[in-house]
Trainee: 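Just dropping this structure here.
Since the structure is predicted, the reported quantities are computational estimates derived from the model, not experimental observations. Per chain, numbering begins at 1; letters A, B, ... match sequence-line order.
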Protein chains: 2
Amino acid sequence: MNIGHASAASGVSAKMIRYYESIGLIPKTVRTEAGYRVYSEQDVHTLRFIRRARDLGFSVEQIADLVSLWRDRERASKDVKTIALGHVSVLERKIRELQEMASTLKHLAENCSGDSRPHCPIIEELANEDSPPVLAKADARFGALGKA
Amino acid sequence: MNIGHASAASGVSAKMIRYYESIGLIPKTVRTEAGYRVYSEQDVHTLRFIRRARDLGFSVEQIADLVSLWRDRERASKDVKTIALGHVSVLERKIRELQEMASTLKHLAENCSGDSRPHCPIIEELANEDSPPVLAKADARFGALGKA
DNA sequence: CTTGACCTTCCCATGATTGGAAGGACTACA
DNA sequence: TGTAGTCCTTCCAATCATGGGAAGGTCAAG
């Protein structure tokens with residue numbers, strides 16, 4: 001099976017499959033004489049595992065740990081649970097940060113008439129000389145949501 | 001006032017001030033003969049405005065819009081409200097995605113004994129041949145939380 | 001006049017992902 | 001056999017906001 005087929009079968013883009021190989025998340029594959037990568041059903045299985053972990057928001061680094069724990073049939077379930085719960089707490093912190101942002105903004109927007117007049121509490125809050133941080137301490141790096 | 005002072009007064013790092021200038025979010029400053037950037041109180045005020053908007057998770061692109069609306073004393077509050085509410089809906093979608101991830105993981109972890117035995121429903125779910133996506137469609141790009 | 005703290009520009013790295021270019025390989029069809 | 005079209009390969013670049021650091025100029029205090 002070539003990379004395009006493995007991609008379709010696993011839901012991981014060919015680009016990402018090559019990337020995962022380059023960073024060592026998955027081992028280098030067998031190649032045909034022409035240099036084409038060849039994948040087995042087991043490889044596709046691994047790729048699906050990786051995709052599901054990505055869907056759950058695990059980082060590539062965490063996924064590497066999960067994959068090796070997956071391969072180790074003797075590992076303790078505690079080790080897996082530790083990673084999962086650690087990730088849950090990161091997710092929950094992130095959720096709280098975003099909820100704070102959203103509720104602050106909603107509160108401001110509720111007090112903004114939203115008509116053609118210039119008065120606007122949203123802008124006024126952002127411009128407020130006296131209120132240092134708008135929120136306590138929401139790590140701005142996790143607030144940015146890209147150009148979605 | 002030089003850039004270090006402006007940074008301390010606004011809470012925006014000197015690195016970011018230069019970056020914001022380079023991308024046109026803030027105008028080029030006056031320079032001393034030696035080439036040092038010089039900032040006024042008004043500039044610091046603008047930087048604080050920007051930092052607060054960042055704290056609320058606005059993208060630089062959105063901040064550019066907010067800054068120009070801020071400067072325009074005749075603008076309609078509707079324009080500001082539209083940006084804010086658009087951002088709120090993005091935040092809320094993101095929150096729902098993360099909540100789905102967290103609840104799926106918590107559910108799996110609750111059923112994982114977390115002891116030294118190998119049985120682990122978390123790994124088993126990730127490895128499950130039959131369940132295509134773990135979650136409906138959580139954009140993986142927003143699931144990754146960096147190496148926090 | 002030296003020391004240290006500041007400033008300047010420039011380049012690089014992050015994380016996961018996508019895009020594209022240039023070129024080789026394979027398949028199907030005439 | 002030729003050729004068109006689709007696949008594959010590698011390499012390079014961009015995203016977004018931010019930090020790190022190097023090399024070198026400037027400034028203020030001692």
Trainee: Among the candidates dT9(C), dG24(C), dA17(D), find the nucleotide nearest to the side-chain atoms of R37(B).
Mentor: dT9(C)

Trainee: Between dC8(D), dA16(C), dC6(C), which nucleotide has the shortest distance from any of its atoms to the side chain of S59(A)?
Mentor: dA16(C)

Trainee: If the plane angle is over 60° it's perpendicular, under 30° parallel, otherwise tilted; pick one for W70(A) and F49(A).
Mentor: parallel

Trainee: With the side chain of M16(B) defined as its heavy atoms from C-beta on, choose the nearest nucleotide among dC27(D), dA17(D), dG21(D).
Mentor: dA17(D)

Trainee: Listed by chain and number, what are the ring pair (Phe, Tyr, Trp, His ring centres under 6.0 Å) partners of Y39(B), not counting sequence neighbours?
Mentor: none

Trainee: Among the candidates dG19(C), dT10(D), dC7(C), find the nucleotide nearest to the side-chain atoms of R18(A).
Mentor: dT10(D)

Trainee: Are any of N2(A)'s side-chain N or O atoms less than 4.0 Å away from OP1 or OP2 of dC7(D)?
Mentor: no

Trainee: Using salt bridge (Lys or Arg N to Asp or Glu O under 4.0 Å) as the criterion, list what pairs up with R73(A), not counting sequence neighbours.
Mentor: none

Trainee: Below the 4.0 Å mark, does dG15(C) have OP1 or OP2 next to a side-chain nitrogen or oxygen of Y19(A)?
Mentor: no

Trainee: OP1 or OP2 of dT9(C) sitting under 4.0 Å from any side-chain N/O of R31(B)?
Mentor: yes

Trainee: Base, sugar-phosphate or nothing for S13(B)? Non-hydrogen atoms, less than 4.0 Å.
Mentor: sugar-phosphate

Trainee: Between dC27(D) atom P and H5(B) atom NE2, what is the distance in whole Å?
Mentor: 18 Å

Trainee: Tell me the closest heavy-atom pair linking R75(B) and C120(A), and the distance in Å.
Mentor: NH2-CB, 3.3 Å

